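Some notes on the structure that comes next.
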Amino acid sequence: MPRKRTTTTQAADANGARAKSRLPKGLKNADLVDYYTRLIQVRSIDERIWALNRQGKVPIAASAQGHEAAQLGSLLAAEKDGDCFLFPYYRDLALKVAAGLTPAQTMMSFMGKAGDPYSNGRQFPLQGADLPNKIIQISNVVAAGLTQAVGYALGCRMAGEKTVVLVYFGDGATSQGETHEAMNFASIHKLPVIFICENNRYAISTPKTSQMAIEEFSDRASSYGFPGITVDGMDLVSCYEATREAITHARSQGPVLLEMLVERFMSHTTDDDDRRYRPEGEVERARERDPVVTLARTLIDEKILTQKQVDAIAAAALKATDEATDIADASSPPDESGLHDMVYSP
Amino acid sequence: MPRKRTTTTQAADANGARAKSRLPKGLKNADLVDYYTRLIQVRSIDERIWALNRQGKVPIAASAQGHEAAQLGSLLAAEKDGDCFLFPYYRDLALKVAAGLTPAQTMMSFMGKAGDPYSNGRQFPLQGADLPNKIIQISNVVAAGLTQAVGYALGCRMAGEKTVVLVYFGDGATSQGETHEAMNFASIHKLPVIFICENNRYAISTPKTSQMAIEEFSDRASSYGFPGITVDGMDLVSCYEATREAITHARSQGPVLLEMLVERFMSHTTDDDDRRYRPEGEVERARERDPVVTLARTLIDEKILTQKQVDAIAAAALKATDEATDIADASSPPDESGLHDMVYSP
Amino acid sequence: MAVKSVIEAVREAIREEMARDPKVFVMGEDVGIRGGVFLATQGLAEEFGNDRIIDAPLAEASIMGIALGAAFRGMRPIPEVQFSDFVWPSINQLIGEAARSCYGTHGALQVPMVIRMPYGGGIRGGLFHSQNVETHFFHTPGLKVVAPSTPYDAKGLLKSAIRDNNPVVFLEHKKTYRLVRGEVPDDEYTLPLGKADIKRTGSTITVVSYGLTLHYCLEAAEELASEGVDVEVVDLRTLTPLDTETILESVKKTGKLAVVHEDNITGGVGAEIAALAAGQAFEYLDGPVVRICGPDVPTMPFAQTLEDAYMPSPDKIADGLRKLAAY
Amino acid sequence: MAVKSVIEAVREAIREEMARDPKVFVMGEDVGIRGGVFLATQGLAEEFGNDRIIDAPLAEASIMGIALGAAFRGMRPIPEVQFSDFVWPSINQLIGEAARSCYGTHGALQVPMVIRMPYGGGIRGGLFHSQNVETHFFHTPGLKVVAPSTPYDAKGLLKSAIRDNNPVVFLEHKKTYRLVRGEVPDDEYTLPLGKADIKRTGSTITVVSYGLTLHYCLEAAEELASEGVDVEVVDLRTLTPLDTETILESVKKTGKLAVVHEDNITGGVGAEIAALAAGQAFEYLDGPVVRICGPDVPTMPFAQTLEDAYMPSPDKIADGLRKLAAY
Ligand SMILES: Cc1ncc(C[n+]2csc(CCOP(=O)(O)OP(=O)(O)O)c2C)c(N)n1
Ligand SMILES: Cc1ncc(C[n+]2csc(CCOP(=O)(O)OP(=O)(O)O)c2C)c(N)n1
Ligand SMILES: [Mg+2]
Ligand SMILES: [Mg+2]
């Protein structure tokens with residue numbers, strides 16, 4: 001694995017319009033179809049919860065729109081590897097859902113209903129843990145998960161396992177002291193941790209230039225003596241391949257920093273209005289590289305699916321989202337008698 | 001100022017024995033004599049407080065022995081500049097004393113007597129602030145001073161001043177998250193701050209290899225986009241010159257990271273016993289490069305002083321230390337009625 | 001006088017003090033063009049420039065440490081913590097350093113700094129956007145702690161806090177931001193730190209509270225009034241300095257004390273008020289000291305049902321007061 | 001039975017639990033070859049290797065966060081904070097994260113972790129090596145808090161803490177480390193968390209304390225005994241869970257309560273004990289609840305004179321008890 005950043009061809013020629021996924025190495029067509037199916041499901045849920053927020057049914061949501069290729073590309077690599085554990089962050093809706101939640105479980109989480117798989121309605125949607133799908137994110141305190149991920153990797157090593165830990169965070173999180181501490185410890189102990197920065201150049205309204213004085217965050221890896229790579233986070237295959245490589249490296253040699261350049265299509269959360277601070281047209285331009293559209297186009301161009309099949313997948317996803325919404329809407333919130341449960345573990 | 005590290009010739013050929021100061025650029029002979037006078041005074045006090053600790057009169061002390069060239073070299077540069085402010089750390093005994101304390105004031109601080117100029121007996125010796133000498137170090141919490149120093153520089157800029165802030169810390173402090181945060185903020189705002197790491201390769205017993213996975217700490221500067229320099233911290237002139245350059249750079253272009261390679265001659269503090277963890281002979285070898293001895297040799301070799309003059313300076317220092325000890329010993333501790341004073345400022 | 005919301009009062013106080021004193025500046029996450037996530041600094045970057053309304057990197061420890069350093073240089077920083085839940089990474093600079101800078105230098109250094117933070121729950125914020133953090137500051141000598149309940153108090157106290165030469169933690173209950181509105185004088189005014197305010201006089205029970213729950217206490221007091229029980233409601237306004245005199249006087253008058261807050265009951269501010277009465281008004285107490293407070297559950301679940309179960313409410317308070325009255 | 005010091009008891013407890021369970025490991029600054037600055041882990045790196053006695057970088061936040069992550073994986077970490085004064089940079093991981101991991105995942109995650117830290121003053125540690133930090137943890141639901149006073153208690157409680165599935169803050173008063181010695185059984189034993197211990201039975205006054213000042217209370221009780229006043233001394237041993245039953249029973253028996261601790265008085269643990277009595281033993285109280293505690297001064301000056309002025313002492317305690325007895 002090179003110690004310096006690589007840019008994918010995709011990133012290099014991506015001037016927005018008409019970007020197109022390359023065909024993957026080591027992925028079967030069936031993988032791509034599966035990926036697309038999940039991607040479109042996730043997007044459909046993502047759009048729905050935003051609408052449900054406006055209807056007063058979902059108190060808060062952070063959208064993954066624009067980050068999906070990064071989240072699903074890396075997830076796919078982790079799944080192919082088979083022995084990875086994930087510490088995502090609050091924007092990783094696509095990752096968390098695609099990792100194994102049903103649409104109904106997801107909707108229950110967003111509405112704070114009993115049976116929310118992450119926290120049983122105690123936390124913000126999809127905060128907590130989903131151990132069956134090998135995911136922990138106990139809080140949305142920015143950067144707090146990084147040292148925990150490193151510790152998890154340490155615990156795995158102590159237990160004699162070869163698990164690689166993927167920990168996700170935004171460009172804003174790079175400023176936190178704990179991000180430094182986590183990378184430093186991981187480098188000293190050569191722990192199998194992949195630090196994945198989903199860099200969308202904004203922390204709420206704060207632009208990257210107010211967050212760091214360097215061009216590429218991945219450059220910071222060299223100050224810990226491990227490799228840092230920047231990839232086009234709008235491109236599924238780049239994200240998949242870079243993560244696969246990183247997993248191999250991490251398991252044998254220690255940490256890797258993977259910066260994925262993504263776009264935030266929506267406001268920071270449903271509570272935010274990005275028109276206050278984003279230049280006009282920026283989001284529209286970014287949307288021309290929408291990973292959902294891009295992948296659909298590739299599947300059709302490469303004759304893996306027909307337009308009709310693509311439409312059918314989208315229709316099925318929409319239907320699943322509709323059903324999930326109804327189920328969640330009709331289900332009960334946690335009973336107030338449970339307020340005191342599990343303050344302590346038995 | 002180069003963006004990459006420079007090693008002084010001194011550092012390059014310093015294999016311990018017979019190291020010798022180069023003659024300085026831009027320093028007068030009188031400066032060197034003044035420097036030597038302060039150096040020997042500081043050393044004499046440093047040795048005395050260790051002895052006083054063993055007699056039960058000084059509860060705790062951290063020695064600067066081996067760090068003096070770094071501390072006084074940079075201090076001298078700051079003094080020559082005339083518009084610098086210092087945020088030292090607990091090991092900067094030599095710096096703090098040479099910056100303007102009398103030996104008696106110093107001793108009062110170590111004995112926790114009323115009139116201790118730093119905290120009036122409230123804190124560990126020489127912790128607090130010495131504003132007349134442009135020094136603040138409010139605590140000995142490792143790395144807590146770095147962001148404060150950056151904030152001080154920001155305040156100076158807001159007030160329309162050109163002050164350059166020098167902040168000092170050890171290699172252990174590099175691991176703290178706040179060190180990252182301080183350097184990051186300073187780089188974004190291009191603040192005139194010089195981060196001076198007195199790298200003695202130990203944090204109490206913890207060796208540098210357990211603290212970082214890189215060879216030279218100064219390499220980390222590149223991840224903030226500012227220059228990092230490593231100099232031989234046992235060599236007065238290297239430290240002086242590097243700091244002078246850094247001050248010029250900082251004032252016009254923003255932060256600089258200055259790593260000074262030093263040796264800790266004594267145990268971590270009077271409470272520590274470094275024989276538990278340091279390889280035999282290491283300290284003895286390090287002492288062959290003692291900055292006090294080295295400078296005396298230079299002064300004599302270059303015929304700036306005679307051996308006799310050097311001896312006379314040493315004798316005067318010892319006498320001053322004796323007198324200061326007596327004064328401090330005879331003076332009163334703070335009255336207990338003052339316990340509640342200044343919890344709040346009026 | 002115009003009717004304003006708490007957030008408007010806060011914004012006005014900052015604006016006026018910035019106009020009055022060029023040393024005052026704001027630093028925090030998204031305080032600039034965004035105007036803060038609650039819009040406390042809306043429009044101020046335009047008015048005062050980005051050098052005095054500084055968008056900080058996402059790193060609370062440095063926000064606090066840098067503000068502290070600037071205060072050492074004589075500036076009057078107002079660092080903003082976006083939600084009180086995120087103050088923890090900065091707490092060493094606050095509890096360890098800022099609170100002790102004056103004491104530890106025997107007065108050589110002052111820390112004229114106001115640390116603003118929205119706190120508290122009842123807004124579906126879940127575990128990490130609802131926290132009550134006041135006790136940690138209340139228990140730290142060297143800090144002052146302010147927790148206003150009304151727009152009038154918020155403005156007057158914030159202006160005093162900014163002019164104070166000590167680190168002041170200024171706690172704004174985020175549910176009051178838009179919910180609580182009230183008259184705010186057009187003319188300049190300040191309110192002294194350290195003075196509680198009797199928001200309702202009464203003779204049979206003293207209720208001590210602050211922030212959001214103060215309003216719930218007033219509602220409960222109304223309810224009890226209709227039942228013939230005359231409740232005095234003391235609004236602490238500042239937790240430190242604590243106005244022990246007003247509290248003790250009221251307790252001595254009524255003989256019965258209840259303390260209400262949203263923060264976890266054990267070791268909360270209410271414990272201190274109870275201990276104060278048990279220690280210094282013992283002879284006057286006609287009944288046990290009652291605490292109606294948040295339960296000992298990590299603050300505070302997201303689901304509406306659980307949040308309601310956690311929160312003190314006018315009904316829960318009225319119940320408690322009723323029992324105490326009957327004692 | 002052999003007579004041992006507190007530090008020896010602590011070391012033995014760690015050693016035995018590490019031998020018993022390979023999942024137990026220690027991480028902290030200088031815990032390895034140096035054996036910790038107080039030598040709590042002396043010899044353990046040699047015995048268990050550097051993979052289980054890990055010399056951490058100087059970065060408390062990561063020590064805590066990494067320990068927490070390892071606990072998620074089923075390990076049983078014992079992070080050491082070198083002095084409690086340095087716990088602040090790590091407090092988000094402790095108060096914000098560890099304390100809420102179980103609650104916030106509805107029990108999916110456990111945190112079997114013991115955070116050891118030397119705390120307290122009276123050793124010329126000055127402002128930054130003397131701090132009492134217990135209140136911050138005491139006020140955090142989700143944490144358990146232990147503060148033993150004797151070698152016997154320290155060993156038995158530490159072993160239980162290590163076997164507990166929750167984050168336990170284990171506070172070792174550094175002045176007791178070598179000063180306090182006592183019998184420790186040769187055979188394996190544990191002591192339950194959540195049980196106070198009546199270290200001296202008496203009938204006229206209840207004194208509640210913990211840690212170093214517990215011994216001062218016993219001294220004061222002896223002095224008062226010689227004056228005919230019979231003092232009961234309750235050692236809390238664990239602050240959370242708080243043994244309210246033992247406290248209330250004792251207060252109901254004696255009718256008078258004093259609380260003693262070194263930590264700042266306002267909002268300290270003593271306030272909760274006082275509030276507890278004022279709320280639940282009101283009818284039994286024959287006098288005001290007295291608190292003999294550290295003053296509201298940032299802990300604690302370096303000069304001997306000032307440190308003495310700060311510290312509760314047997315004399316100061318005896319004075320307070322004498323007055324209460326005379327009430
Ligand atoms: C410690 C902390 N401080 C502040 C916040 C409030 N906050 C939530 S998200 C966010 C911005 C994060 O930006 P980034 O890391 O770039 O992630 P993105 O949302 O862009 O994916 C902020 C400031 C928080 N959750 N935690
Ligand atoms: C936050 C914090 N953690 C731990 C300590 C205890 N401690 C004091 S000095 C020290 C080692 C510092 O090493 P380094 O930064 O290399 O400075 P040096 O003493 O070698 O000059 C430690 C761990 C402290 N003072 N502050
Ligand atoms: Mg971002
Ligand atoms: Mg060092």
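Chain letters run A, B, ... following the sequence lines, proteins first and then strands; every chain starts at 1. This structure is a prediction, so every number in the text was calculated from the model and none was measured.
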query = When the ring planes of C/F302 and A/F124 are compared, do they come out parallel, tilted or perpendicular, using 30° and 60° as the limits?
reply = perpendicular
key: A/K57 atom NZ: more than 12 heavy-atom contacts under 6.0 Å   = no
inquiry  = For the CZ atom on C/R15, are there more than 12 heavy atoms of other groups (residues, nucleotides or ligands in this structure) within a distance under 6.0 Å?
reply    = no
inquiry  = Please check if the number of heavy atoms outside A/E280 that lie under 6.0 Å from its CD is greater than 12.
reply    = no
request  = Name the option with the most non-hydrogen atom pairs under 4.5 Å to chain A; the candidates are C/G125, C/S130, C/G32, C/G35.
outcome  = C/G125
ask   = Stepwise, does the side chain to side chain contact (heavy atoms under 4.5 Å, CB included) test hold for A/R122 with C/M300?
value = CA-CA 8 Å; A/R122 284 167 173 199; C/M300 124 187 354; over 6 Å; no
task = Please flag which part of A/M111 lies under 4.5 Å from any non-hydrogen atom of chain C: side chain, backbone, both or neither.
result = backbone
key: Nearest heavy-atom neighbours spanning A/S175 and C/P57   = OG-CB, 3.5 Å
key: Residue pair C/D55 / A/S210: nearest heavy atoms and the distance that separates them   = O-CB, 4.3 Å
ask   = Considering all heavy atoms of both residues, which atom of C/L306 and which atom of A/N120 are nearest to each other, and what is their separation?
value = CD1-O, 4.5 Å
C/D296 versus chain A, the contacting section by heavy-atom distance below 4.5 Å = backbone
query = Quick check: are there more than 12 heavy atoms from other residues, nucleotides or ligands sitting under 6.0 Å from CD of A/E282?
reply = yes
query = Between A/M212, A/Q127, A/Q211, which shows the greatest number of heavy-atom pairs under 4.5 Å with chain C?
reply = A/Q211
inquiry  = If I measure from the heavy atoms of chain A, does C/I63 come under 4.5 Å with its side chain, its backbone, both, or neither?
reply    = neither
ask   = Measuring heavy-atom distances to chain A, does C/E60 have an atom under 4.5 Å in its side chain, in its backbone, in both, or in neither?
value = both
Proximity breakdown for A/D274 and chain C, heavy-atom pairs closer than 4.5 Å = neither
Any side-chain heavy-atom pair of A/I204 and C/Q82 under 4.5 Å = yes
message = Does A/Q176 form a side chain to side chain contact (heavy atoms under 4.5 Å, CB included) with C/L58? I'd like the steps, not just the answer.
response = CA-CA 6 Å; A/Q176 286 283 21; C/L58 208 173; 3.6 Å; yes
note = Taking every heavy atom of A/T206 against every heavy atom of C/A56, the minimum-distance pair comes out as CG2-O, 4.1 Å
message = For a side chain to side chain contact (heavy atoms under 4.5 Å, CB included) check, start with the C-alpha distance between C/D308 and A/E336, then their side-chain angles and the critical distance, and finish with the verdict.
response = CA-CA 8 Å; C/D308 290 346; A/E336 60 167 60; 5.6 Å; no
task = Give a yes or no on this: more than 12 heavy atoms of other residues, nucleotides or ligands lie within 6.0 Å of atom CZ of A/R54.
result = yes
ask   = Minimum heavy-atom separation for C/R34 to A/D273, with atom names?
value = NH2-N, 4.5 Å
message = When you measure from the side chain of C/T305 to the backbone of A/P333, do you find a donor-acceptor pair of N or O atoms at a distance under 3.5 Å?
response = no
ask   = Which bit of C/V31 is near chain A, if near means a heavy-atom gap under 4.5 Å: side chain, backbone, both or neither?
value = neither
ask   = How far does NE2 of C/H129 sit from CD1 of A/I60, to the nearest 0.5 angstrom?
value = 6.5 Å
ask   = Should the heavy atoms of other residues, nucleotides or ligands under 6.0 Å from CG of C/D51 be counted, would the total exceed 12?
value = no
request  = Measure A/V142 against the heavy atoms of chain C and call it side chain, backbone, both or neither at under 4.5 Å.
outcome  = side chain
ask   = Side chain, backbone, both or neither: which part of A/S109 has a non-hydrogen atom closer than 4.5 Å to chain C?
value = backbone
query = Nearest heavy-atom pair of A/N140 and C/F128: which atoms, and what distance?
reply = OD1-CB, 3.2 Å
message = Please tell me whether C/D30 and A/S205 have a donor and an acceptor in their side chains that are separated by less than 3.5 angstrom.
response = yes
ask   = Which bit of C/F86 comes within less than 4.5 Å of chain A, counting heavy atoms only: side chain, backbone, both or neither?
value = side chain
request  = Please state whether the side chain, the backbone, both or neither of A/D171 comes within less than 4.5 Å of a heavy atom of chain C.
outcome  = neither
query = chain A: which of C/P298, C/A59, C/G126, C/P295 shares the most heavy-atom pairs with it under 4.5 Å?
reply = C/A59
